[in-house]
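Values below: all heavy atoms of this structure, side chains included; hydrogens, waters and symmetry mates excluded. Proteins come first, then strands; the chains are lettered A, B, ... in the order of their sequence lines, and each starts at number 1.
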Protein chains: 2
Amino acid sequence: MQDPTVTEAAALVSDALDRAALVTLFGRCTVEYEGRAASELAPGDRHVMLKPDGTHLVHGDEGQKPVNWQPPGSEHDCRIEDAALVIESVRTNPEERLAVTLSTVVHVAAFDPTDDESIDLVGTEADLKRRILKSPDLVEAGFRPLSTERETPAGAVDVYGEDREGRTVVLELKRRRVGPDAVGQLNRYVEALERDLHADAEIRGVLVAPSVTERAKALLAERGLEFVSLTPQAD
Amino acid sequence: MQDPTVTEAAALVSDALDRAALVTLFGRCTVEYEGRAASELAPGDRHVMLKPDGTHLVHGDEGQKPVNWQPPGSEHDCRIEDAALVIESVRTNPEERLAVTLSTVVHVAAFDPTDDESIDLVGTEADLKRRILKSPDLVEAGFRPLSTERETPAGAVDVYGEDREGRTVVLELKRRRVGPDAVGQLNRYVEALERDLHADAEIRGVLVAPSVTERAKALLAERGLEFVSLTPQAD
DNA sequence: ATTTCGATCTCGTTT
DNA sequence: AAACGAGGTCGAAAT
């Protein structure tokens, strides 16, 4: 529907929400949010999308992220207020609410979506783990993985195993170049295991990723941790 | 435009891309991505958005995140191939490419966007910092902030100051409930400063956030770090 | 329902 | 251009 009155638009949106359709609008609007934080957005031309699962997205002309949004699980409501179309989405836990007030509607449309196929994605940390379990020598000659997701008081270790000499080895895997955060994570696991397995056991911590930043390299050295360069995919 | 042929749709999209308009489509499509990772998506009805800044979003009927996307800075291109409308967005650094192949187009529209107002958001970590600098006693009676963003070899400390007895205090601020990662961050700063200011100086590390998880609390105790409960906003 | 961590994270800021 | 950290992060898996 092109250039509808706000009343016409409201009727179409109400009907579409009842049918659990996906609704899109384009028009001049203000946006208010209140919940985990709070925000106000002055008038501008924006794209609005309402999904049947409760998602509410407001996009400007730039950026990958919506300028404002409401997560899945919200309830959409639409009404006329002060000659404007107000679309409000509310949820609880956490309590939050998004209200879009359209003074002019350039465009409204509704679609009946079919359920999606699931996506097949390659090149993740899980792929890196599979690669290592299949060819442990990529990490180091003689490395033997014993378990994955081994629990420690500091969280689950990606890969847990032994080196050629029988020393315990902890691997932390990252699919791409890593900074200081990953070193901290690896260090937590190593310290937790040293405490768990008693102090005399030497435990090697190895960060496995395509590359590391300078600061991360310095932190690794400081903590006596190691680095092995590997990508999720064979080249 | 409702139920156009792919040729009509292609003409509209090409024209809109030349005008740097925002384009939306709805229809049956497959999606291919290759770059930082790689993915394939089988046929389904989806919503496609092309922004003039190079952003390309493909939304299914669920979730806040697009099922597939291409970041800002990409170049859009549209053509007919095998009786289907192919919209491809490509960028370099990193090299990546998203291709949407629409076999049926239910809907196409183009909008000429006006520049957006900027958003006014409150309840951020910056708000928490302002609150503390204005009323340092909220952290602890007698606390005196000396600088913010003080540089250490491990990165910049959120707030750096002294307690009533003149001991150095490092604050790490978080706007919401925190897990183990924030404790690791605080610990890095404290250790870096202990090294910097020589070993005999006692340095207190204080995590300031609304609350902490159990694991984070245990890690704090282990490291001799402290916690103060504060939210970004006064209640 | 909460915790934890990966992500094609995105986004802004600083170096 | 790269690095670093925040985010109304989102989302999924495990507890």
Query raised in the report: Quick one: what's the B/S/- string for nucleotides 5-15 of chain D, heavy-atom cutoff under 4.0 Å, read 5' to 3'?
Result: SSSBSSS----
Report task. Sticking with atom C1', work out how far D:dT9 lies from D:dG5, rounded to a whole angstrom. Result ->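 About 12 Å, rounded to a whole number of Å.
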Query - Pairwise P distance, C:dT8 and C:dT4 [rounded to whole Å] - result: 22 Å
Query raised in the report: Which residues satisfy the ring pair (Phe, Tyr, Trp, His ring centres under 6.0 Å) test with A:F111, sequence neighbours excluded?
Result: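 With neighbours one apart ignored, the set is B:F26, B:H107.
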Query - Partner residues of A:H59 under the ring pair (Phe, Tyr, Trp, His ring centres under 6.0 Å) criterion, sequence neighbours left out - result: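 None.
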**Report entry** ring pair (Phe, Tyr, Trp, His ring centres under 6.0 Å) contacts in which one or both residues fall within residues 30-49 of chain A, not counting sequence neighbours
**Finding:**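 Matches after skipping sequence neighbours: A:H47-B:H47.
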Query raised in the report: What pairs meet the ring pair (Phe, Tyr, Trp, His ring centres under 6.0 Å) rule with one or both residues in residues 168-188 of chain B, with sequence neighbours excluded?
Result: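 Applying ring pair (Phe, Tyr, Trp, His ring centres under 6.0 Å) to every pair that reaches into residues 168-188 of chain B, excluding sequence neighbours, yields nothing.
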[X]: which residues meet the side-chain hydrogen bond (donor to acceptor under 3.5 Å, both in side chains) condition with it, sequence neighbours left out?
{"X": "A:E88", "value": "A:R79, A:R97"}
{"X": "B:H56", "value": "B:S89"}
{"X": "B:E149", "value": "B:K129"}
{"X": "B:R28", "value": "none"}

Report task. Respond yes when some side-chain nitrogen or oxygen of A:R177 is under 4.0 Å from OP1 or OP2 of D:dA3, and no when none is. Result ->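 Yes.
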Query - Contact list for DNA chain C against residues 217-229 of chain A - heavy-atom distance below 4.0 Å - result: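 Here the set is empty: none.
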Side-chain donor-acceptor pairs under 3.5 Å in residues 205-221 of chain A, sequence neighbours left out?
| residue | atom | partner | partner atom | Å |
| --- | --- | --- | --- | --- |
| A:S211 | OG | A:R177 | NH1 | 3.1 |
| A:T213 | OG1 | A:A216 | N | 3.3 |
| A:R215 | NH1 | B:P153 | O | 3.4 |

Query raised in the report: Between which nucleotides of DNA chain C, read 5' to 3', does contact with chain A run, using atoms under 4.0 Å from its heavy atoms?
Result: C:dT2 to C:dC11
Query raised in the report: Are more than 12 heavy atoms from other residues, nucleotides or ligands located less than 6.0 Å from atom CD of A:E162?
Result: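 Check passes, neighbour count above 12.
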